[in-house]
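Comments concern the structure below.
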Number of protein chains: 2
Amino acid sequence: MMIGMTTTIKRRDSGVNLFHALSDVTRLEILERLKDGEQCVCDLTEALKTGQSRLSFHLKVLKDAGLITDRPEGRWTYYALNQEALEELEAVVQALQGSRRGVGSSSRCR
Amino acid sequence: MMIGMTTTIKRRDSGVNLFHALSDVTRLEILERLKDGEQCVCDLTEALKTGQSRLSFHLKVLKDAGLITDRPEGRWTYYALNQEALEELEAVVQALQGSRRGVGSSSRCR
DNA sequence: ATGAGCAATCAACATTCGTTGATCAGTAGA
DNA sequence: TCTACTGATCAACGAATGTTGATTGCTCAT
């Protein structure tokens, strides 16, 4: 099955966004926490022992990348994993592995 | 099955490294090129239409992350995907998805 | 209405990252 | 040996990112 150029480029762009959001220890810790279910910012602040504005910053990065969703309720905001984004991540990573076709057909310089 | 704390932390660290290396368009383009087999820097320079030192910089980032390997031969250096690292990437991503246990058991603030 | 608590946003600053051009080291060929 | 070529490294600069503390907007309870 042939994948069009446009699809490839789009996947690359969304890849950059996702990977950037994931390239920070604090953000990975947040995601790990959220595996147990949705949490409000106050929970996370305590769990990660970090300042509120710092946490808020990282949550925004994750949310902008689509990796988490927020659900404001009263004075709290609950954050949760976005399963869809994780599936897209899977797809992007598998696209990296590639078809493995042509391995060994290395071009030779001269 | 229980995974020890140390393992989790190590995976998180290697995750940060891998994800950071992947969070750049040029570097994703390089990896895509390498799916077709190993290539020397001169090939890549031409293919990506970019400066040599810039390319060298990105290759170093990918190599430091373990995503590619280099094989110097004569005056050329051939780069290739490191399949092992891609497999580890898969593992890290799957760990992100988590066991899905306890979904809905969201802690409630009051 | 007032006060307290949660979370987003802002400004200022520090740090990290990517780019560019130049230089350097190693190799191959004349 | 001398020259040409590949690719790594360096320094300098600019841009993007992350951190901190303060402020703001909202909601709930009194």
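Within every chain, numbering begins at 1; the chains are lettered A, B, ... in the order of the sequence lines, protein sequences first and strands thereafter.
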How is B:Gly51 classified with respect to the nucleic acid when contacts are heavy atoms under 4.0 Å: base, sugar-phosphate, or nothing? nothing
Whole angstrom is fine here: how far is it from CD in B:Glu46 over to C1' in D:dT6? 14 Å
Give a yes/no on whether any side-chain N or O of A:Ser56 is located under 4.0 angstrom from OP1 or OP2 of C:dA8. yes
Between P of D:dA16 and CG of A:Asn17, the distance in whole Å: 14 Å
Nearest-Å distance, CZ (A:Phe57) to P (C:dC13)? 18 Å
OP1 or OP2 of D:dT17 versus the side-chain N and O atoms of A:His58: is any pair under 4.0 Å? no
Distance in angstrom units between B:His20 NE2 and C:dT16 P, rounded: 12 Å
OP1 or OP2 of D:dA29 sitting under 4.0 Å from any side-chain N/O of A:Arg75? no
B:Gln52 CD to D:dC10 P, in whole Å, measures 14 Å
Indicate yes or no for a side-chain donor-acceptor contact from B:Asn82 to the backbone of B:Gly66 under 3.5 Å, with no hydrogens or angles considered. yes
Length of the OH-C1' vector between A:Tyr78 and D:dT27, whole Å: 13 Å
According to a 4.5 Å side-chain heavy-atom criterion applied to Ile, Leu, Val, Met, Phe, Trp and Tyr, with indirect links allowed, do B:Leu89 and B:Val61 form part of one hydrophobic cluster? no
Reckon A:Arg54 has a side-chain N or O less than 4.0 Å from the OP1 or OP2 of D:dT19? yes
For A:Val41, is there any backbone N or O sitting under 3.5 Å from a side-chain donor or acceptor partner on A:Thr45? yes
Note: for A:Thr26 and A:Gly74 on DNA chain D, the residue whose nearest nucleotide lies more 5' is A:Thr26
State whether the distance check finds a donor on one side and an acceptor on the other, under 3.5 Å, for side chain B:Thr77 versus base D:dG7. no
Smallest heavy-atom separation, A:Arg27 atom then A:His20 atom, equals NH2-O, 3.2 Å
Euclidean distance, atom CG of residue A:Leu59 to atom P of D:dT19 [Å, nearest integer]: 13 Å
Rounding to a whole Å, what distance do you find between A:Arg27:CZ and D:dG18:C1'? 9 Å
Given D:dT20, C:dA8, D:dG7, the nucleotide with the shortest approach to the side chain of A:Ser53: D:dT20
A:Ser23 OG to B:Asp24 CG distance, which is reported to the nearest 0.5 Å: 11.0 Å
Hey, is the side chain of A:Tyr79 poking within less than 4.0 Å of OP1 or OP2 on C:dA8, counting only N and O atoms? yes
